[in-house]
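This report concerns only the one structure given below.
Below, chain A is the first sequence line, B the second, and so on; all start at residue 1.
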There are 2 protein chains.
Amino acid sequence: MPIWAYDDAMARAATTSDAFNAIAEPQRRDILALLRAGERPVTDLAQELGMSQPRASKHLRVLREVGLVRVREAGKQRLYGLDAQGLRPVHEWVGGFERFWNESFDRLDTYVQDLERTRQED
Amino acid sequence: MPIWAYDDAMARAATTSDAFNAIAEPQRRDILALLRAGERPVTDLAQELGMSQPRASKHLRVLREVGLVRVREAGKQRLYGLDAQGLRPVHEWVGGFERFWNESFDRLDTYVQDLERTRQED
DNA sequence: TCATCGTATGCCCATATCGGCATGCGTCAA
DNA sequence: TTGACGCATGCCGATATGGGCATACGATGA
């Protein structure tokens, strides 16, 4: 249970370290996508996505730990709901490259220089 | 070297499987960010980001394999340049949640229903 | 030709993953 | 109280990671 203590070697960052890591897993993305339609109990999600219940629970745990998802007790069930705010930083970071994927690569150098010149405008 | 052969157990998807996985690593994000300013040789990047050369090379390899970066031979050096197109899908996927992080959570249910009603407009 | 620079890799380590299965546990209904 | 249901966890296995270090390799320059 190392919060973040790496003295020596290191493996990949925990999936629970941040949204970037959490959404690296396709099934977790699927869950989030599904949750846009509203809250859902675990079994429901599992079934809809064709995964075992434990599997769904584990993915939900990760999403919960990075704050992309919320739980609400409802009798026997636990309703999971989306909390997309954590995706905002991701969107912003990736958005920082928007100008680049709109440019063909041949023009990139020129473009970069141009960017450099007009940097103040940002 | 399993391309994608999982018969039994499974670990996390390879970092080289797609952009989502590639950008899950902070240092790789740093590299990409730096590359926006233009092409750079490995040692340069390593130094600027305070990492060893082998480390930089390894991260660049991953970025290369998912197509987020390009290499160009330049004498002894290898110039790495950004190829942001692979980030587009990521941006789009995350963008699909934009409406949600703009809404406070209390209003979410209402919002979802509203979304449901006006779905055609999208 | 040979030394050197710039890189890519291989190998080893410690760790985290994701999956399955079995099981623990709390809630609700008989 | 007892069962059943809904879900969270623990444990194991196979695998990939990211880092360090040493090293192999290609290109250039002396």
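In this structure, the salt bridge (charged side-chain N to carboxylate O under 4.0 Å, His left out) partners of Glu65(A), at least two apart in sequence or on a different chain, are Arg61(A). With sequence neighbours left out, Thr43(A) forms a side chain to side chain contact (heavy atoms under 4.5 Å, CB included) with no residue at all. Taking Gln53(B) as the reference, Ser57(B) meet the side chain to side chain donor-acceptor pair (under 3.5 Å) condition, with sequence neighbours excluded. Not counting sequence neighbours, the partners of Glu92(A) by the salt bridge (charged side-chain N to carboxylate O under 4.0 Å, His left out) test are Arg88(A). Evaluation of the salt bridge (charged side-chain N to carboxylate O under 4.0 Å, His left out) rule for Arg40(A) yields Asp44(A), Glu48(A) as partners, not counting sequence neighbours.
Side-chain nitrogen and oxygen atoms of Tyr80(A) include none within less than 4.0 Å of the OP1 or OP2 phosphate oxygen of dG6(D).
Of the two residues near DNA chain C, His59(A) and Glu73(A), the one whose nearest nucleotide lies more 5' is His59(A).
To the nearest 0.5 angstrom, Leu35(A) atom CG is 11.5 Å from Asp30(A) atom CG.
Separating the NZ atom of Lys76(A) from the C1' atom of dA30(C) is a distance of 12 Å, rounded to the nearest angstrom.
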Taking only nitrogen or oxygen atoms into account, show me every contact under 3.5 Å that the protein makes with nucleotides 9-12 of chain D, one pair per line with its distance.
unit_1  : atom_1 : unit_2   : atom_2 : d
dT9(D)  : OP2    : Arg61(A) : NH1    : 3.3
dG10(D) : O6     : Lys58(A) : NZ     : 3.2

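Ranking dT7(C), dC18(C), dC7(D) by closeness to the Thr43(A) side chain, first place goes to dC7(D). When the nucleotides dT7(C), dC7(D), dG20(C) are ranked by their closest atom to the side chain of Pro41(B), dT7(C) comes out on top. When distances run from any side-chain atom of Arg78(A) to the nucleotides dG6(C), dG20(D), dA8(D), the shortest one goes to dA8(D).
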